Amino acid sequence: MIEQTWRWYGPKDRITLNEIKQTGATGIVTALHHIPNGELWTVKEIQKRKSEIEAAGLHWSVVESVPVHEDIKKQTGNWKTYIENYKSTIKNLGETGIHTVCYNFMPVLDWSRTNLKLQFKDGSLALGYEQKAFAAFDIYVLKRPNAEKDYSTKTVLEAKTYFEKMSSNDIEQLTNTVIKGLPGAEESYTLEQFQEVIEDYKEISPEKLRKHLFDFLSAIIPVAEEYGVRMAIHPDDPPWSLLGLPRVVSTIEDAKSIVQHIDSIVNGITFCTGSWGAGYFNDVSKMAKELAYRINFAHLRNVKRDRDFNFNEDYLLEGDVDIYEVLQVIIEEEENRKENGRSDCSIPIRPDHGNQMLGDIGQENNPGYSLYGRMKGLAEIRGLELGIRKSIMEND
Ligand code: DNO
């Protein structure tokens, strides 16, 4: 069976481990959020968090994430030390019995949205991304030189009208949404710092960033192999360049180039249906089929998207991604691994974001990480899995 997991932000999360048990999840996805990016995670710190999780009758199934320091992405400053620290962290995690690590290679920004409280058709609240709002921030708030060139003429015009109608409160809210970091991003900036860190990437083309990613993999994967840690790179969210920054984990070609760079089962991906699915150019079912052999972790959620780079998050079984097909591929992959006697035949899956609904509304929520919305997603995954397994058995 797939391993049903739940992302928990540690002791400060308003949703407790005891509550998570009632959702049906058995595995916890978490990180040592208090350790600054780049520093190594000691066995003592890892063990402490692991024991807390186990005391609640759950187990620490996936680390999301061990963050990759910006210096590693740029190969500047202390990047070599940070790589050594990363290697030690992987070793320490493996030795403590944690065998899956999610990470990303997105410069500066982790995931991005423009609206964290989008009124949904049924009164719940979803997350959304509007290209004209993002462009308004980029052109008029950040004032990035030549930003207009990165948008269509239509978007540039819409962004102007949109910006002219914004109140100072709207501008502040949008700015915070973009630069303060969404949960898990670990980095947060002021506008001035943000302008500087973006400027630092001026000389880094996508080709260069890809080379830096490959150098990172060449250093990390042998250690991950030795200590039995399955690495799982998370796709860019959304899967296109933002603010002129390079991104190299956006398409099927990107994903293939990564898993093929070092052909090892520990050099895998986090199959995030919502991140890939936000790009109209990504055929998510096809990606699942072609990348199944390297799926080490999955995030299931749905999106409604268009060809103008707008999207909003949607209920798991609605939206533009065929979650049934993706889950079917994952289950078949698990069966293949089982037949081959592999120890990684139970792939951890978590419901990714969920709408704020019912008792979530009015509560302090990590954007996307609601209680009821995610529980609804997990319940749907559980039902879908049961149905898929029964139909596979009947057809055998
Ligand atoms: C957002 C998350 C991402 C993810 C990182 C992985 O909800 O999926 O923040 O954790 O990109 O490194």
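For ligands, and for the atoms within them, numbers begin at 1 and follow the listed sequence. Quick caveat, the model's predicted, so the values are computed rather than measured.
Ligand 1 places these atoms under 4.0 Å from at least one heavy atom of Cys102: 6 (C). Which parts of ligand 1 touch Tyr103 is read off a 4.0 Å heavy-atom cut-off, strictly below it: atoms 12 (O). Residue-ligand proximity, Glu64 to ligand 1, at heavy-atom distances under 4.0 Å covers atoms 2 (C), 4 (C), 8 (O), 10 (O). Per-residue contacts place Asn104 under 4.0 angstrom from the following atoms of ligand 1 (heavy atoms of the residue considered): 5 (C), 6 (C), 11 (O), 12 (O). Listed by number with element, the atoms of ligand 1 under 4.0 angstrom from any heavy atom of Arg7 are 2 (C), 10 (O). The atoms of ligand 1 that sit less than 4.0 Å from any heavy atom of Met106 are 11 (O). In summary, the atoms of ligand 1 found under 4.0 Å from a heavy atom of His353, numbered by their order in the structure, are 1 (C), 7 (O). Of all atoms in ligand 1, listed by their number and element, those nearer than 4.0 Å to a heavy atom of His299 are 8 (O).
The only member of Phe216, Trp79, Tyr82 that meets ring-ring contact (aromatic ring centres under 6.0 Å, His included) when paired with His69 is Tyr82.
Neither the backbone nor the side chain of Arg301 has any atom closer than 4.0 Å to an atom of ligand 1 (non-hydrogen atoms only). Neither the backbone nor the side chain of Phe105 has any atom closer than 4.0 Å to an atom of ligand 1 (non-hydrogen atoms only).
Between Glu335 and Arg389, at least one side-chain nitrogen of the basic residue sits less than 4.0 Å from a carboxylate oxygen of the acidic one, meeting the salt-bridge criterion.
Between Tyr315 and Phe120, the distance separating the two ring centers is shorter than 6.0 angstrom. Between Tyr103 and His234, the ring centre distance reaches or exceeds 6.0 Å.
Residues passing the side-chain contact (heavy atoms from CB on, under 4.5 Å) test with Lys208 are Ile204, Ser205, His212, sequence neighbours excluded.
Ring pair Trp276/Phe271 is tilted by interplanar angle, where 30° to 60° counts as tilted.
By heavy-atom distance, the residue among Val29, Asp237, Asp110 lying nearest atom 5 (C) of ligand 1 is Asp110.
Legend: ring pair (Phe, Tyr, Trp, His ring centres under 6.0 Å) pairs involving residues 37-65, not counting sequence neighbours: none detected.
No side-chain donor from either of Gln356 and Tyr369 sits under 3.5 Å from a side-chain acceptor of the other.
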